[in-house]
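Naming: A, B, ... by sequence-line order, numbering from 1 per chain. A quick note: this is a predicted structure, and the numbers were derived from the prediction, not measured.
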Amino acid sequence: MIAATGLRWILTLLFCALAAYGLWRALAARSHPWTARLAHALHAVMALAMSAMSWSWGMDLPGTPQVVFFSAAAAWFVLIALALPSRTEPRARTLVNALPHAAMTGAMAWMVAAMSSAMSMDATGGGHAHDMPGMDMSAPGATATMTLSDTGDRWSAGLLALVLLALALWWLAKGFDTGRLAPRTASGAASGGAVHAAWDLGCHGLMALGMAVMFVVMV
Amino acid sequence: MTETTPAASPPPRQRSAEETAPVEDFTTSAPSNGGGTWSGLRPLLLRLHFYAGILIGPFLLVAAVTGLLYTATPQIESVVYRHELKVTPHGEPKPLTAQVDAAREAIPDGQLVSVTKGAGDSDTTRVTFDVKGLPEGYAQTAFVDPYDAEVRGTLRTFGEWLPVRSWFDGLHRTLNLGDFGRNYSEIAASWLWVEVLGGLVLWLGAPRSRERLRKLFVPRRGPKGRRRTLSWHGAVGLWVSIGFLALSATGLTWSAHAGANIGKIQDSLGGATPSVSSTLGHGTHGGSTGADSGDSSADAATARVDLDEAVRIARSEGLLGKLVISPPADTRSAYVVRENTRHWPEQQDSIAIDPTTGKVTDKLVFDDFPVLAKLTRWGIDAHMGLLFGLANQIVLALIAVALIGMLFWGYRMWWLRRPTRASGTRFGRPPARGAWRRVPGRVMAPLVVAAAVLAYYLPLFGLPLVCFLLGDLAVAQARRRERERTEARAETPKEMAR
């Protein structure tokens, strides 16, 4: 969880908004292929999980199902790019486009695993709830934070934060370009498809940015 | 959330009349002296500079005016409180203990907090008491003639500031509205640097064909008008920008929200301001003598070291100038004596003295402060006009006047740009909407992320920014719908005619 109240609420609102957007795109975009709608749904689930992880009760959620789910989701992004490549793009490009999503979902799985590992070590270590070998619970209950104490884990979290920040910048840049260059009507409105594409990219960017912040907090 | 539209190359665009305005038209023209990123970024920066100037301007104006008033307070204080502050030396000074006894009689219900021994022979001794019922941070101070222990007056003080200065200080920081009022000065400090840096970039990047350097630094002469006003706004802003940035940075360090974040960052960088330990037996700064007297403290009444002895020890340890002596709070505490000279060179050393043995249990030397702590001290004292005395006050006053001028010129340019032939009250035209669409994504994305990080650490930069954006989006949406309705109304007769 995140100890700083302001940051916790900012991230919660961000991830909830992203989850709502993902869910809406998964349900409303009926003309899209099922793979695209499932991708939206997966992002919505991931945003909800990230939102929960900002709170102390979110750390009590069972870790193993989450790790399995997000690992499977990461594999799914890669496999679907290989199995069902885009009709308009070469397979390699489809795969390259899918890899950032796989990386983000995989990072999510790693975060849950790192936290679950620390929690389970604590459970076997005699129940010292706030003296965990893998994680520094800085204070009891609501003020506990999810700072990792293991050096390797901290380096990994730092590296993942950098990767996610790079992805965030990449997606946001593409989102801005898509939005600003979209053809416009005389009244100044952009076409619906371009708007959706820009928002999709922007949401990917914001998701990656929010996750990067979570990883920075863990370091 | 998958991608459906790849980024395309920008379509060719007609230059609008606004973009082809005269080259020195700082507030409305698009640049013609450079291409690429800068030409795309400039309209966005111009729009931010304009709106922030219009909306944050009132906060900056109040800060500048109250700051200008504050710069004169040392002189006002020395006149208004001359009787309390100054005496004519006659004979030998009485012991500090006797002076404190006299002060106690003047403020019988107070708890002694500190004794300040003036640096000069003609200074009174200040004896400060904590009195119940006073607002937080305030105390009651008796001013004692050191030569005959006569109390020359008592005043309610805020730190070391006397009532006039503390009132102006409160006015500048909070408009004397308490914690709520702090938000005004924090908004001003949070946005001043944005306005200054944005303005600098715009001014330095503005195209100039001839006499480039002279036009940068020297305000333009000639007929009154928007160009001359702009020239004053830009050139004076360039000269004073360092002062504005310094005031913004130092103001932020003691703001409520951003200040807390800056403090955390400073602490994490090892730049926290240290303090001498007054706890006996727990010296943390390597006192010049052993910290072995932890168990030697007995009842305060058995203390063998009085205030005069504490001053003598402090002088022997090299403490100079005005000394502030805090007596032991309890039997486990030491005297703390600290220098309080806040003009250059600063003297801020402090020592802790065991009241029973007279041993120095801890010593903190200003030279050993972390660099960040020193910079904080110097910055705060410079902001308060203390660091270089009168020169510092004059510079601050000039900066305040310059800021007032900048705001006046800014608003005047807005006024001069208003449509004069339209009926009714009209405002000047703002820079064109949609400027962000000229900024490449590779530039916009880092800017947005950087703004988000800054907004988190400077909440009163972030919240107004979010409000600007939401307001701007709402206005854009409303205008778009209005245009769509107009288009629909125009289309309907054509269809009916067919």
Exercise. Have a look at F176(A) and tell me which of V448(B), V439(B), L447(B) forms a side chain to side chain contact (heavy atoms under 4.5 Å, CB included) with it.
Key: V448(B)
Quiz item: If you count heavy-atom pairs under 4.5 Å between each of L42(A), I10(A), L169(A) and chain B, which one has the most?
Solution: L169(A)
Self-check item: Lys NZ or Arg CZ of R180(A) over W436(B) ring: under 6.0 Å, within 45°
Solution: no
Quiz item: Does R418(B) CZ have over 12 foreign heavy atoms under 6.0 Å away?
Solution: yes
Self-check item: Toward chain A, the part of V453(B) with a non-hydrogen atom under 4.5 Å
Solution: neither
Quiz item: Pick one: which of F50(B), F461(B), Y51(B), W191(B) meets ring pair (Phe, Tyr, Trp, His ring centres under 6.0 Å) with F468(B)?
Solution: W191(B)
Practice problem: Counting only heavy atoms closer than 4.5 Å, note whether L38(A) contacts chain B via side chain, backbone, both or neither. | Solution: neither
